[in-house]
Protein chains: 2
Amino acid sequence: MAEASDFKAEPPEGIDTLGASSEGASLYQLIREDIIDGRLAANERLVVTDLARRHGTSTNPVREALQLLRGEGFVTFVPNRGARVRPIDQDFVRDIYEIGVLIEPALTRWFVNMATVEDIAELERIQGLIEENNFADTFRHSELDTAFHTVMYQRHYNRHAAELWWKHREVLRAVSRRFNFTLARRAAIIREHRELIAHVKAGNADEAAELIARHVEGSGRHVLEHMRARNAARAG
Amino acid sequence: MAEASDFKAEPPEGIDTLGASSEGASLYQLIREDIIDGRLAANERLVVTDLARRHGTSTNPVREALQLLRGEGFVTFVPNRGARVRPIDQDFVRDIYEIGVLIEPALTRWFVNMATVEDIAELERIQGLIEENNFADTFRHSELDTAFHTVMYQRHYNRHAAELWWKHREVLRAVSRRFNFTLARRAAIIREHRELIAHVKAGNADEAAELIARHVEGSGRHVLEHMRARNAARAG
DNA sequence: ACGCGCTAGATCGTACATTGTTTATCGAAA
DNA sequence: TTTCGATAAACAATGTACGATCTAGCGCGT
């Protein structure tokens with residue numbers, strides 16, 4: 001985590017992102033990304049035979065991948081009628097952001113009290129990269145922003161909460177990648193990140209937590225506005 | 001929800017508790033309960049062939065059930081080495097309670113602002129049954145207590161949060177069923193429930209939320225103390 | 001037009017082949 | 001004799017193929 005070119009977002013340690021089997025792993029990830037990135041439409045049927053053919057395997061790995069996705073909430077099942085894509089709509093995104101608003105402040109509070117000099121240096125390094133990039137490459141920004149928050153939550157003792165955050169984050173990252181940042185939002189992100197670092201340095205846990213709550217809420221509002229606008233455009 | 005004998009805890013609407021396939025459904029539930037109730041030891045290997053034989057099916061339904069459980073976090077997988085039971089230890093329970101402390105107040109706040117006369121009547125009815133039972137039948141208390149909180153969270157617009165709460169609740173219900181309630185805890189539960197109803201009636205959302213936070217935290221502390229004691233006894 | 005039955009297609013369960021891992025046994029060296 | 005190492009055999013996970021069961025959609029008959 002010291003290379004200047006290192007900006008690929010990594011999950012917090014101890015969280016298994018891989019699928020079960022060698023074949024199943026890629027299948028799981030492929031289908032999942034197809035759902036999150038919107039290549040598979042909402043409520044679309046997931047026919048096992050088709051997926052198997054498309055990915056060049058037999059049906060069994062597909063079935064297991066679908067069950068895994070079901071457990072994670074990305075597909076729904078009706079007995080004897082197969083699987084469907086759970087729609088990642090505004091409600092879904094709103095729900096996730098609201099949970100983030102509740103959980104992230106607590107994670108942040110802990111981080112502020114446990115942050116080392118190296119942590120702060122890492123935060124500032126990533127923040128430097130974020131400002132250097134300055135939203136020119138939105139994909140890169142997305143990765144950097146995720147990395148920024150990962151530094152804070154990575155080592156939290158509540159692995160369950162960290163895992164939850166990461167899973168939500170993966171969805172939101174994919175969703176927000178579809179939109180551009182408004183100028184107001186860009187400014188807010190830079191400002192709030194700087195403020196956050198200042199709070200961490202000063203050890204102001206409460207202020208940091210409160211700031212994160214606003215940060216996440218602002219981020220959610222921003223994405224939801226975009227989704228709403230796009231939906232309106234599509235409908236009109 | 002009007003019969004006096006109705007005290008079986010039901011999940012909030014819109015949450016699919018059933019497994020995928022007819023056979024797979026029961027398999028999923030059986031294995032899950034074996035894990036939660038502790039009949040399957042922590043980190044125990046889950047051999048597909050064994051489970052299939054034991055439940056009188058072939059391996060495929062077992063594999064799918066395991067993947068489903070993996071997605072829900074009850075089972076861990078290592079490629080080519082199969083599945084293991086994720087230990088439901090003190091850390092796990094603590095993590096879940098801490099998330100509850102963060103989420104439930106928000107759910108409660110919403111409920112207080114949306115509660116109908118019928119909701120309050122239902123709360124009072126269940127509370128009456130709880131006090132009538134007075135912890136004589138701990139299983140029954142567990143169900144009633146779950147029903148009490150379900151009334152509050154059932155119709156929350158954030159389905160994701162409600163679902164999360166329910167999943168956590170199912171685990172905690174099974175864990176806490178193993179222990180008896182201390183007298184202090186019994187008194188606290190009755191008192192806090194009554195207080196909560198009063199807050200709901202008065203429309204004091206903030207007070208109710210704050211009370212729930214304490215309620216959940218107290219419940220968590222109680223269970224964790226029991227677990228700690230049992231572990232100490234086992235080790236000594 | 002409406003209902004009934006049939007057929008196409010998909011899910012679900014079983015059986016089997018393949019691949020990788022673990023364990024036990026045997027042999028050689030210390 | 002013991003210990004280490006290699007090899008082989010048992011075992012279990014993963015992938016493939018197939019048959020049974022269920023659903024849905026279409027056409028036919030009334």
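In what follows, every heavy atom counts, from backbone to side chain, and hydrogens, waters and symmetry copies are set aside.
Nucleotides of DNA chain D nearest to A:N60 and B:G82 differ in position, and the one nearer the 5' end is that of B:G82.
Going from atom CZ of B:R53 over to atom P of D:dC11 covers 11 Å, rounded to whole Å. Computed from coordinates, the B:H55 NE2 to C:dT14 C1' distance equals 18 Å when rounded to whole Å. Whole-Å rounding puts the B:D50 CG to D:dC11 P distance at 11 Å. Between the C1' atom of D:dT14 and the CD atom of A:Q67 lies a distance of 17 Å, rounded to the nearest Å. The interatomic distance linking B:F77 (CZ) with D:dA13 (P) rounds to 9 Å, in whole Å.
Taken over five-pair windows at either terminus, the axes of the helix from C:dA1-D:dT30 to C:dA30-D:dT1 are inclined to one another by 10° (rounded to 10 degrees).
A salt bridge links A:R228 with A:E225: the closest approach of a Lys/Arg side-chain nitrogen to an acidic carboxylate oxygen falls below 4.0 angstrom. Note on B:E122 versus B:R125: salt bridge recorded, some NZ/NE/NH1/NH2 to OD/OE distance being below 4.0 Å. Salt-bridge formation is detected for the pair A:R177/A:E143: a Lys NZ or Arg NE/NH1/NH2 atom is positioned less than 4.0 Å from an Asp or Glu carboxylate oxygen. Between A:R155 and A:D119, at least one side-chain N (NZ, or NE/NH1/NH2) sits under 4.0 Å from a carboxylate O, which counts as a salt bridge. Ion pairing of A:R178 with A:D37 is absent here, as no side-chain N (NZ or NE/NH1/NH2) approaches a carboxylate O to less than 4.0 Å.
Closest to the side chain of B:T49, from the set D:dT16, D:dA12, C:dG13, is D:dA12. For B:N80, counting side-chain heavy atoms from C-beta on, the closest listed nucleotide (C:dG13, D:dT16, C:dG20) is C:dG20. You'll find that the side chain of B:S58 is closest to C:dT14, out of D:dT16, C:dT11, C:dT14. Side chain of B:T57, nearest nucleotide from C:dT11, D:dA13, C:dT14: C:dT14.
Here B:L46 lies in heavy-atom contact (under 4.0 Å) with sugar-phosphate atoms only. If you check every strand for non-hydrogen atoms under 4.0 Å, A:L66 touches nothing.
Partners of A:R53 under the side-chain contact (heavy atoms from CB on, under 4.5 Å) rule, at least two apart in sequence or in another chain, are A:T49, A:D50. The ring-ring contact (aromatic ring centres under 6.0 Å, His included) check on B:F135 picks up B:H141, B:F181, with sequence neighbours excluded. Evaluation of the ring-ring contact (aromatic ring centres under 6.0 Å, His included) rule for B:H226 yields B:F179, B:H222 as partners, not counting sequence neighbours.
Side-chain N/O atoms of A:R63 include none lying less than 4.0 angstrom from OP1 or OP2 on C:dG13.
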Tabulate below the donor-acceptor pairs under 3.5 Å that side-chain atoms of residues 97-113 of chain A make, not counting sequence neighbours, or state none.
unit_1, atom_1, unit_2, atom_2, d
A:Y97, OH, A:S219, OG, 3.3
A:E98, OE1, B:Y157, OH, 2.9
A:E98, OE1, B:N158, ND2, 3.3
A:E98, OE2, B:Y157, OH, 2.9
A:E104, OE1, A:Y153, OH, 2.7
A:E104, OE2, A:W165, NE1, 3.2
A:T108, OG1, A:E104, O, 2.8
A:T108, OG1, A:Y153, OH, 3.4
A:R109, NH1, A:D206, OD1, 2.5
A:N113, ND2, A:R109, O, 3.3

Tabulate protein N/O versus nucleotide N/O from nucleotides 24-26 of chain D, keeping only pairs under 3.5 Å, one per line.
unit_1, atom_1, unit_2, atom_2, d
D:dA24, OP1, A:R81, NE, 3.2
D:dA24, OP1, A:R81, NH1, 3.1

